[in-house]
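Inspection log for the structure reproduced underneath, given as structure tokens.
Note on naming: letters A, B, ... go to the chains in the order of the sequence lines (proteins, then strands), and numbering restarts at 1 for each one.
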Amino acid sequence: MTPAAHDSGAWEWVVGLEVHCELQTATKLFCGCRNRFGDEPNTNICPVCLGLPGSLPVLNRQAVELAMRIGAALHCSVRPSIFHRKNYFYPDMPKDYQISQYDEPINVGGFLELPDGSRVGIVRAHLEEDTGKTTHVGGGGRVGSSEYSLVDYNRAGVPLVEIVSEPDIRSAEQARLYVSELRGILVATGASDGRMEEGSMRVDANISVRRVGSEQFGTRCEIKNLNSLRSLGRALEYEARRQIELLEAGETVVQETRHWDEEANRTTAMRSKEEAFDYRYFPEPDLVPLDPDPAWQRAVAASLGPMPADRRARILEVLGGTEASAQRDQVGVVVNQALDDLVLTAVDHGAPGSLALARAANEAAANPEAARRLDPKAFAQLILFEASGKLSSTQSKEVLGELLVRGGGDPEAIARAKGFEALAADALAAVIDEVIKANPAEWDSYLGGNDKVAGALIGKVMAATKGQADGKVVAAELRRLRSSS
Amino acid sequence: MLVAGELAGQIRRRERSAREVVTEALDRVAGGDAAIRAFVRVCADAALAEAEALDRRIAAGEDPGPLAGVPVALKDNLCTKGLETTCGSRILEGWRPPYDATVVERLRSAGAITIGKANMDEFAMGSSTENSAAGPTRNPHDLSRVPGGSSGGSAAAVAAGFVPVALGSDTGGSIRQPAALCGVVGVKPTYGLVSRYGLVAFASSLDQIGPLTASVGDAALVLEVIGGHDPADSTSIDAPVPRLSDAVEAGVEGLRVGVCLELIDGVARDVEARVREAAEALSGAGAKVEDVSIPELRYGLSAYYLIAPAEASSNLARYDGVRYGLRVDAPDAAAMNKATRTAGFGAEVKRRIMLGTYALSAGYYDAYYAQAQRARTLVTRAFDRAYAQVDVLLGATSPTTAFPLGAKVDDPLAMYLSDVCTIPSNLAGHPAMSVPFGTGDDGLPVGVQVLAPALGEKELFRVGGVLESLAPPIALPALGALGSVERT
């Protein structure tokens, strides 16, 4: 290639992502210790996950099953696999090696279809154990300047699945979409809670750039410390710009591992290829090969519920196949937050889908955990009130907010308690109706033109509403009823 | 000295108390071990307390099991709850495991009483028990000689008559070679027959725990107790242990025995002579004996010295000063790791960590580690072919009788050759036994090695039983040098 050809044209990103996902098993990958986030440090530990001399690992069946669920959801094939040891020294790694799958992983060769229709290949999804967690004390929390470090081994030995994508991703938006879709799938399989902020999902990115039309890959860098979708996008944008600037200035990209500095909004070099660890992988002699029974594999694949793409399609179907992109985004949010039931139940009860979708995607999804606990029927009722005009959109949102905060309740009661007019009038009409039925003689007299009994009727309504009703409104309603009867 | 089976019988029948038996064992150790140094730690109080508890159970009509009241020595790489376990290394100084190895639990539930931890080469790396932070153990037959290794303390404790039973571990011959040099029986079981849970790992794919005993029958008894499936060890075989005690008496009529030429070529002439005599003895007892050649066994030693150090380099990484054992402080974690490991490991351990690290390094893996694994497969297949012709193989255990202390410490390769006859069984995962069979020209014990295919323990014990009954007598250790220790 001549320099001239090399210098022309637009740049294309080439991105592959490695996503580590903590599995929601009852116990750790190789021992019976509880797998639970947030417990008192060093309480869920035993000789095995502490790597004490003489201890041996025994593989957790549930972890294998969840790994196979992930594989099945990503269209991978399950292969006979083995575990390797990845050797390096670090204080939070009890054995100073990590048991991980290497060149013979359990799941290989799948793909993930994104909501925008693009498809990202999956190289592999393999099992490995997590490390402990180090906290550096003093010196601003940095390892170099800290006074001492504390290690919590509760996380050591927690099962992880690492999902490695093909370098098929071409933009920050596509990368975010991939992680978001993958997260939805991991939650749908029951393998993960998908919480990036708690570290139960962690993303590393490999990125290089090349001229559009080029078949060759550029030199790539790996970016670590991407703790949110936002930092993933920003880090990729920064790093692509850095690499393009280097190349346009006639310099070269050095293959290295870089650290995303969230505060400084940039990546910094961690270690070069030459400084990269030699992990000295070799087959783990303490474990036997893993070759899941085909019947088990079939049972696992058959037990998978609908994946996010199926669920989006289902919601779009009940909405009547809308093509508006705003609604597609809302459907995405609803599915990602597992709020499908709210929308589907509301539509089932005759509520307009677009309104149910909007409330679910905007107001409910703002508090997703509470929204998942919400009774879908209560939500449906609320949407029906709003649709029939008994509640304004502002009132409806306020009632929904109250439902989420309280963790449930009766939307009608909440609306009445808040004194929202339409519903209040509805309630008043019911009370008046009861008073009329209970006092037929007075009502007949009133109908006959005796206005004097109106006062008695109004008094009874006032008593029934404990003085909450407005006497003038009651009088007007009585007149309306007389004239329409 | 009574063998373990008889001793347990007397205790179960209340002819003797466990307390009396354990007290005598402790007295023998107190009288004789200053010269031999078989033990790195004696737990007299705990042993006596256990013996008394056992006597009470017997008095209450309970049967504590086939090893009731039998005093045992445990190699110091077997985890014992609350009792320091150091693997002959400074780096584990002061480490008290919070758990018992599976074999320790099984011995206890069969009634055996641990009286102490036996000396060993550091992390089981050595063939003379000279690589111990606690100093060397001496051969009870000649205090100027080594007991072999790495289970030298276990072998010496049995040979000196301190205990009738000891446990050792065998990665490349570490039970059989010291058994041969000390004139006791030593068995390396089929890989996976005995749980490794609680055995501090040297080379995980080769390590096996086994008994060192005064008799073949005792070895069978102990193996029946410690063997069998353990869900805590993924490599443990899920099958019951055969009745080996019966095999000891079963004779060798009709059994096909192959004298393996590669396991006698190049060994000392007196050792070779004893192997030939053993073969004749078996022939006389009704076995069909023939010579067998398995040329591939010559790859064993080189393959072993790549695979074992490679696994060791990884297994020993955890001794980093962070969680337990020795810590040499330094300004940061990496410097602390380095200072701790520099001070904590001995020269041989460091040599093997470096060898293994190199063998696994990027760019060298295929040439060394992967190639060694191919050689391992070759050795295993060659054994399989031989076992199509014969039921068991016979050879030397050690190329020589016990050598003088210091003779090989400065020559690692000469030391490594001590294991040339024992390594192939570890590579193949097969069982093998060393049985005392006469003495060398120097009057020191010679061990004959019996090898069998995987799970061929029954055949091993049939041959062992016959060899034991036909073996020329070995003089008891020179007790004068140990002080006045009474022997029964």
Side-chain angles (χ1 to χ4, degrees), chain A residues 30-32 42 45-60 83-99 102-103 132 134 136 139 143-151 153 156 273 276-290, chain B residues 77-79 85 87 92 95 97-102 123 192 195-201 203-207 230-236 307 310-311 313-325 332-334 336-338 341 356-365 369-370 373:
Chain A
F30 298 119
C31 64
N42 296 314
I45 54 170
C46 75
V48 175
C49 58
L50 270 186
L52 293 189
S55 66
L56 294 171
V58 176
L59 184 58
N60 179 340
F83 287 87
H84 273 68
R85 289 187 187 177
K86 180 179 181 178
N87 296 285
Y88 63 102
F89 284 90
Y90 204 80
D92 65 18
M93 211 164 47
K95 303 181 292 292
D96 287 298
Y97 59 80
Q98 179 193 26
I99 303 177
Y102 179 52
D103 54 1
T134 308
H136 304 295
V143 62
S145 50
S146 63
E147 288 165 49
Y148 59 93
S149 303
L150 296 172
V151 191
Y153 292 104
K273 189 185 177 188
F277 295 121
D278 178 356
Y279 292 120
R280 291 175 284 117
Y281 280 101
F282 74 102
E284 164 59 280
D286 288 330
L287 290 169
V288 292
L290 172 61
Chain B
N77 58 356
L78 295 169
C79 287
T85 299
C87 300
L92 273 173
W95 184 58
Y99 68 103
D100 277 324
T102 298
F123 285 104
S195 168
R196 291 184 294 117
Y197 192 80
L199 166 66
V200 180
S204 313
S205 75
L206 301 159
D207 296 342
D230 177 10
D233 176 357
S234 309
T235 63
S236 153
I307 293 168
E311 293 182 11
S313 71
S314 174
N315 282 330
L316 271 60
R318 70 191 67 194
Y319 307 107
D320 57 11
V322 174
R323 290 160 300 275
Y324 44 79
D332 63 67
M336 184 276 284
N337 293 163
K338 193 173 168 181
R341 291 166 69 81
T357 302
Y358 186 75
L360 290 174
S361 294
Y364 297 98
Y365 182 92
Y369 183 78
Q373 289 292 8

I need the Phe83(A) CZ to Ser234(B) OG distance, nearest 0.5 Å.
10.0 Å
Report which part of Leu206(B) has an atom under 4.5 Å of a heavy atom belonging to chain A: side chain, backbone, both, or neither.
neither
What's the spacing between Tyr281(A) OH and Leu360(B) CG if we round to 0.5 Å?
13.0 Å
Heavy-atom closest pair, residues Ser55(A) and Arg318(B)
OG-NH1, 4.3 Å
Is it the backbone or the side chain of Phe282(A) that comes under 4.5 Å from a heavy atom of chain B, or both, or neither?
both
Considering non-hydrogen atoms only, spot the tightest contact between Tyr99(B) and Pro53(A) and give its length.
OH-O, 2.6 Å
Mind listing the closest non-hydrogen atom pair of Met93(A) and Arg323(B) along with its distance?
O-NH1, 3.9 Å
Interface check, chain B: of Val151(A), Leu287(A), Leu52(A), most non-hydrogen pairs under 4.5 Å belong to Leu52(A)
I'd like to know if the side chain of Asp278(A) reaches the main chain of Ala362(B), judged simply by a donor and an acceptor atom lying under 3.5 Å from each other, with no hydrogens or angles considered.
yes
Is there a side-chain contact (heavy atoms from CB on, under 4.5 Å) between Asp96(A) and Tyr319(B)? Walk through the geometry before answering.
CA-CA 9 Å; Asp96(A) 287 298; Tyr319(B) 307 107; over 6 Å; no
Before giving the answer on side-chain contact (heavy atoms from CB on, under 4.5 Å), spell out for Ser204(B) and Arg85(A) the whole-Å C-alpha distance, their side-chain angles and the decisive distance to 0.1 Å.
CA-CA 12 Å; Ser204(B) 313; Arg85(A) 289 187 187 177; 3.6 Å; yes
Below 4.5 Å from any heavy atom of chain A, which atoms of Thr357(B) appear? Answer side chain, backbone, both or neither.
both
Side chain / backbone / both / neither for Pro97(B) at chain A, heavy atoms under 4.5 Å
neither
In terms of heavy-atom proximity below 4.5 Å to chain A, should Asn315(B) be classed as side chain, backbone, both, or neither?
both
Closest approach of Pro283(A) and Tyr369(B), non-hydrogen atoms and distance?
CD-CE2, 4.1 Å
May I have the step-by-step check of side-chain contact (heavy atoms from CB on, under 4.5 Å) for Asp286(A) and Arg196(B), ending in yes or no?
CA-CA 10 Å; Asp286(A) 288 330; Arg196(B) 291 184 294 117; 3.0 Å; yes
Verify the distance criterion only: is there a donor paired with an acceptor across the side chains of Arg280(A) and Tyr365(B) at less than 3.5 Å?
no
Interface moiety of Asn87(A) toward chain B, non-hydrogen atoms closer than 4.5 Å
side chain
Check each atom of Val200(B) against the heavy atoms of chain A and say whether the ones under 4.5 Å are side chain, backbone, both or neither.
both
The reported gap from OG1 in Thr235(B) to CG in Leu56(A) (rounded to nearest 0.5 angstrom) is 7.0 Å
Can you tell me which portion of Asp332(B) sits under 4.5 Å from chain A's heavy atoms? Options are side chain, backbone, both or neither.
neither
Proximal component of Tyr197(B), with respect to chain A [non-hydrogen, under 4.5 Å]:
both
Max heavy-atom pair count under 4.5 Å with chain A, selected residue of Ala359(B), Ala201(B), Ser361(B)
Ser361(B)
